[in-house]
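Here the structure is a predicted model, which means the values were calculated and not measured.
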Amino acid sequence: LQKNNRINIDFEFLLVGVAKILKMKHTIILVQFTPNKTTRQYHDFPSVSNAMDGICKFYEQKLRMQNPDARNITYDIADLFAYIDGLADLGALLLDPKISAYVPHNKEWIKQRVYKHLKNIAAQAQQGLQQ
C-alpha cells in the first residue's frame, strides 16, 4: 500500500512538472529589422513571456543606440507599437505540443501579447509596492 501511495505521489509530481512545461511554450521570434534581407534573424525563447521581453529589449537596444548618453530611457506602449509596426517583418512561432508543431502568429498577435505581458508586469510591480 505504501508503495502505491508513493507511486501516486510521484506521478502527481510528474504531472505538475509536465503541466508547467506545457504552459511554457517554446517561442521562436522571426524578425527583419530593415528592408535589407540580411537583417533577418531568429531568436528562440522558452516561453511567450520571455519572447515578449525579448521584443521589448530589441526596442530598448535601438533607443540606447539612438541615445547613448541617456542614463534612463523611457517609452510608452504607443512608441513600442510604432517600433513593431516599423519593422520590415516580425512573426512568432509558438510550439503547440498537442500537434507537435509550431503555430505562426503575426505582428498584431505579438502586439496583443506584449501589451498583456507588460500589463502583468505592472500589476506584479504594483502588488510588490503594496506589500
Side-chain angles (χ1 to χ4, degrees):
L1 186 61
Q2 276 186 316
K3 193 171 187 178
N4 275 344
N5 286 342
R6 188 173 191 293
I7 291 171
N8 287 341
I9 290 170
D10 289 346
F11 185 69
E12 287 177 32
F13 178 77
L14 180 64
L15 286 177
V16 169
V18 169
K20 286 180 181 179
I21 290 168
L22 290 178
K23 189 175 181 182
M24 289 184 55
K25 294 184 177 182
H26 185 255
T27 306
I28 299 171
I29 298 297
L30 305 170
V31 61
Q32 183 175 333
F33 293 101
T34 70
N36 184 340
K37 290 185 181 187
T38 63
T39 65
R40 288 180 177 170
Q41 297 178 7
Y42 76 92
H43 301 265
D44 67 315
F45 300 92
S47 68
V48 173
S49 178
N50 291 124
M52 298 307 110
D53 277 339
I55 291 168
C56 292
K57 285 184 182 12
F58 295 158
Y59 182 51
E60 291 164 7
Q61 287 172 349
K62 179 182 178 183
L63 291 175
R64 287 191 209 303
M65 287 172 44
Q66 291 174 339
N67 305 287
D69 297 328
R71 294 189 77 179
N72 294 320
I73 295 176
T74 59
Y75 58 91
D76 65 25
I77 196 73
D79 298 328
L80 180 58
F81 284 179
Y83 168 75
I84 290 171
D85 288 334
L87 292 171
D89 200 6
L90 180 67
L93 299 173
L94 185 66
L95 179 62
D96 185 343
K98 293 178 186 173
I99 61 172
S100 298
Y102 285 87
V103 178
H105 296 284
N106 62 15
K107 283 183 182 181
E108 290 306 312
W109 182 88
I110 290 171
K111 289 194 303 189
Q112 290 171 2
R113 292 307 297 246
V114 164
Y115 178 76
K116 182 179 176 183
H117 175 68
L118 293 175
K119 192 173 171 183
N120 287 341
I121 289 173
Q124 289 172 358
Q126 187 66 29
Q127 280 181 335
L129 291 174
Q130 293 175 353
Q131 293 177 352

> Shared ILVMFWY cluster between Val31 and Leu95, side chains joined below 4.5 angstrom?
Replying inline: no
> Considering all heavy atoms of both residues, which atom of Ile110 and which atom of Gly91 are nearest to each other, and what is their separation?
Replying inline: CD1-C, 3.7 Å
>> Looking at Arg40 and Asp89, is any side-chain nitrogen of the basic one under 4.0 Å from a carboxylate oxygen of the acidic one?
In response: no
> How many angstroms lie between atom OG of Ser49 and atom NZ of Lys116, to the nearest 0.5 angstrom?
Replying inline: 10.5 Å
>> Quick one, Asn36 with Thr38, criterion side-chain hydrogen bond (donor to acceptor under 3.5 Å, both in side chains). Give me CA distance, side-chain angles, the key distance, then yes/no.
In response: CA-CA 5 Å; Asn36 184 340; Thr38 63; 2.8 Å; yes
>> Distance check, rounded to the nearest 0.5 Å: Lys62 atom NZ versus Met65 atom CE?
In response: 9.0 Å
> According to a 4.5 Å side-chain heavy-atom criterion applied to Ile, Leu, Val, Met, Phe, Trp and Tyr, with indirect links allowed, do Val48 and Val103 form part of one hydrophobic cluster?
Replying inline: no
>> When you measure from the side chain of Lys107 to the backbone of Asp85, do you find a donor-acceptor pair of N or O atoms at a distance under 3.5 Å?
In response: yes
> If only atom types and distance count, is the side chain of Asp79 paired as donor or acceptor with the main-chain N or O of Tyr75 below 3.5 Å?
Replying inline: no
> What do the steps show when you test Glu60 against Lys57 for salt bridge (Lys or Arg N to Asp or Glu O under 4.0 Å), and what is the final call?
Replying inline: CA-CA 5 Å; Glu60 291 164 7; Lys57 285 184 182 12; 5.1 Å; no
> Ser47 side chain to Lys25 main-chain N or O, any donor-acceptor pair under 3.5 Å?
Replying inline: no
> Does the ring center of Phe58 lie less than 6.0 Å from the ring center of Phe33?
Replying inline: yes
> When you measure from the side chain of Gln32 to the backbone N and O of Pro35, does any donor-acceptor pair fall under 3.5 Å?
Replying inline: yes
> Rounded to the nearest 0.5 Å, how far apart are CG of Asp44 and CG of Leu93?
Replying inline: 11.0 Å
> Once you round to the nearest 0.5 Å, how far does CG of Asp96 lie from CG of Leu94?
Replying inline: 7.5 Å
> Within the distance-only criterion (no hydrogens, no angle test), does the side chain of Asn106 pair as donor or acceptor with the backbone N or O of Trp109 below 3.5 angstrom?
Replying inline: yes
> Taking the side chain as C-beta and beyond, is there a heavy-atom pair between Gln41 and His43 under 4.5 Å?
Replying inline: yes
> Looking at CD1 of Ile29 and CD1 of Ile55, how far apart are the two atoms once the value is rounded to the nearest 0.5 Å?
Replying inline: 4.0 Å
>> With clusters defined by side-chain heavy atoms of hydrophobic residues (ILVMFWY) lying less than 4.5 Å apart, directly or transitively, does Leu90 cluster with Leu30?
In response: no
>> Within the structure provided, determine whether Tyr102 and Ile28 are in side-chain contact (heavy-atom separation under 4.5 Å).
In response: yes
> To the nearest 0.5 Å, how far apart are CD in Gln66 and CD1 in Ile73?
Replying inline: 9.0 Å
